[in-house]
Amino acid sequence: MTIPDIIIAVDGHSSTGKSTFAKLASKEFNLLYLDSGAMYRGVTLAAMELGLIGPEGELDLDGIRTLLETLDLKFVSTPEGSRTFIGDRCVESEIRTLAVSNNVSPVSAIGFVRAWVDERLRAMSRGGRVIMDGRDIGTTVFPNAELKIFMTAEARIRAQRRFDEMVSKGENPVFEDVLKNIEERDYIDSHREVSPLRRADDAYVMDNSDMTLHEETVWLRGLVQGKFGILE
Ligand code: DC
């Protein structure tokens, strides 16, 4: 299906499968896929490695501000797809560990971190034809995005998905820890002062608790056809 040069914003709760959905849509509609959460995860990993986040989650704000002055965090296109790099080091798997997941929400609640990430996301999206997933894409980063989708699902179902994903990567998670992490992140993400997670008024809601990936793509195709008057 050929669609116009638009920006599609995909927001929603953690582990709703936003990135899987957005990646599929990027292939289907020939759009550039950008994972905004990977930017927050990259900043968090870099801060952890420099000891700027304490064992109880204490943040060294001055240290993080200085880190951002030189942090070379980017997406690199590789034969396996787009990957997150710090300098010439691929950090794609490290940014997905539970240790990073446990620290990323407080880091992403820092106003100057958000401004730093937003600037980069907008620069990478110049020219349109982008699908980006995150928490505030349709509300803050691209309030004028032509299509906005808000994804959600029950917390236990999301925890089970993240749990299965971690097991498949050889990690040894405890289900209750994963669930707790999801619930805590939901809370922090939707209660922070700067750009809290919320559905944009003009976003279409998808609750995929009981949906297969195939059903999600059928849903999206129908939405895009209806919205842009595309006949197949
Ligand atoms: O989508 P994810 O789980 O990889 O996101 C990681 C964290 O980054 C999540 O806890 C919330 C934060 N985030 C955000 O605040 N704003 C975004 N646009 C994307 C992610």
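Counting starts at 1 for both ligands and their atoms, in listed order.
- Inclusion of Asp136 in the set of residues having an N or O under 3.5 Å from an N or O of ligand 1 is warranted.
- Counting heavy-atom neighbours within 6.0 Å of Asp88 CG, excluding the residue itself, gives a total of 12 or less.
- The shortest contact between atom 12 (C) of ligand 1 and any protein heavy atom is with Ser108 OG, 3.5 Å.
- Within the listing of ligand 1, atoms 8 (O), 13 (N), 14 (C), 16 (N), 17 (C), 18 (N), 19 (C), 20 (C) sit less than 4.0 angstrom from a heavy atom of Tyr40.
- For Lys169, the NZ atom sits in a packed shell: over 12 heavy atoms of surrounding residues, nucleotides or ligands are nearer than 6.0 Å.
- For ligand 1, the atoms lying closer than 4.0 Å to a non-hydrogen atom of Ser105 are 10 (O).
- One distance of note links OG1 of Thr84 with CZ of Phe75; it measures 5.0 Å at 0.5 Å rounding.
- Protein heavy atom in closest approach to atom 4 (O) of ligand 1: Arg41 NE, 2.7 Å.
- Other residues, nucleotides and ligands place no more than 12 heavy atoms under 6.0 Å from the OH atom of Tyr187.
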- Item | salt bridge (charged side-chain N to carboxylate O under 4.0 Å, His left out) evaluation trace for Glu28 with Arg221 | CA-CA 9 Å; Glu28 164 128 9; Arg221 236 178 273 141; 2.8 Å; yes
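- Of the protein's heavy atoms, Ser36 OG, 3.3 Å lies nearest to atom 19 (C) of ligand 1.
- With a heavy-atom cut-off of 4.0 Å, Arg192 touches ligand 1 through its side chain alone.
- Residue-level proximity to ligand 1 for Asp189 is carried by the side chain, the only part with a heavy atom below 4.0 angstrom.
- In this structure, atom 16 (N) of ligand 1 lies nearest to the protein heavy atom Arg114 NH2, 2.9 Å.
- Of all heavy-atom pairs spanning Glu216 and Met206, the tightest one is CG-SD, 3.8 Å.
- Counted within 6.0 Å of CZ on Arg126, heavy atoms from surrounding residues, nucleotides or ligands total 12 or fewer; the atom is thus considered open.
- Geometrically, ligand 1 and Arg162 share no nitrogen or oxygen pair separated by less than 3.5 Å.
- Ranking protein heavy atoms by distance to atom 1 (O) of ligand 1, first place goes to Arg135 NH1, 2.9 Å.
- Between Arg96 and Glu92, at least one side-chain N (NZ, or NE/NH1/NH2) sits under 4.0 Å from a carboxylate O, which counts as a salt bridge.
- Residue contacts with ligand 1: Met39 is excluded, as none of its non-hydrogen atoms falls under 4.0 Å.
- When side chains are defined from C-beta on, Met39 does not count as touching Lys74, because their heavy atoms never get closer than 4.5 Å.
- Using a 4.0 Å cut-off between heavy atoms, Arg185 contacts ligand 1 through its side chain alone, with no backbone atom that close.
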